[in-house]
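To start, the structure under review is shown below, and the notes come after it.
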Amino acid sequence: MSVLPIGTVMKLTDLTARQIRYYEQQELIKPLRNEGNRRMYSLNDVDRLLEIKDYLDDGLNISGIREVYKKQSQLENERKHNLEKGLTDSDVRKILQDEFLNIGGLKPPSSSFEDPNNLNNLNKLNH
DNA sequence: CTTCTTACA
DNA sequence: TGTAAGCA
């Protein structure tokens, strides 16, 4: 996956080597190293660098961007975790929607809440 | 020639 | 962030 030397990435992102290495220090990207200790970047690294430029333009600082990616991988893990329990994204949305309706007391136990299968899903979700 | 690390008028 | 130095 990682085959691009820093020189190529510089041209592709219009960033200086200094900046690219600095963002690595800040753990915004994690390029691999080849046998000669040279940094090798993937296309995903390039995309991320381009993203970082946009965030910087939007006024975010390094730590702010770090938090964005942190929360991002956080949600990513939750999604995977739910999938492991047999719940698709649409299942989760449906369950969450039913919860709101019932908490508000605006809707008596409906078909969905009395459905054994949905109760089972709720229990899994509240793990 | 390209990249790496370290350091700083 | 830029840039120079000394290696690899």
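Because the structure is predicted, anything quoted here is derived from the model rather than measured. Each chain gets a letter, A, B and so on, in the order its sequence line appears, and its residues count up from 1.
- C/dG2 atom C1' lies 15 Å from atom CD1 of A/I20, rounded to whole Å.
- Contact detail for A/Y41 and A/P5: the closest heavy-atom pair is CD1-C, 4.2 Å.
- Within 6.0 Å of CG on A/N34 lie more than 12 heavy atoms contributed by other residues, nucleotides or ligands.
- Whole-Å rounding puts the A/M40 CE to B/dC4 C1' distance at 14 Å.
- The distance from atom CZ of A/R39 to atom C1' of B/dT2 is 13 Å, rounded to the nearest whole Å.
- Nearest-nucleotide positions on DNA chain C for A/R38 and A/T16 put A/T16 closer to the 5' end.
- For the pair A/E24 and A/K30, the salt-bridge criterion is not met [side-chain N within less than 4.0 Å of a carboxylate O].
- Atom CD in A/E35 sits about 13 Å away from atom P in B/dC4, given to the nearest Å.
- A/Q19 places its CD atom 5 Å from the P atom of C/dG2, with the value rounded to the nearest Å.
- Checked against B/dT3, B/dT5, B/dA7, the side chain of A/R18 finds its nearest nucleotide in B/dA7.
- Distance CE (A/M10) to P (C/dG2): 9 Å, rounded to an integer number of Å.
- Within the shown strands, B/dT2 is the pairing partner of C/dA8 under the Watson-Crick or G-U definition, both distances less than 3.5 Å.
- Pair assignment for C/dT1 gives none, since no Watson-Crick or G-U wobble pairing has each distance under 3.5 Å.
- Judged by the 6.0 Å and 45° rule, A/R48 forms a cation-pi pair with A/Y69.
- Side chain A/R21 to base B/dT5: no donor-acceptor pair is found below 3.5 Å.
- As a whole-Å value, the separation of A/Y41 OH from B/dT2 P is 16 Å.
- Distance A/E24 CD to B/dT5 P: 8 Å, rounded to the nearest Å.
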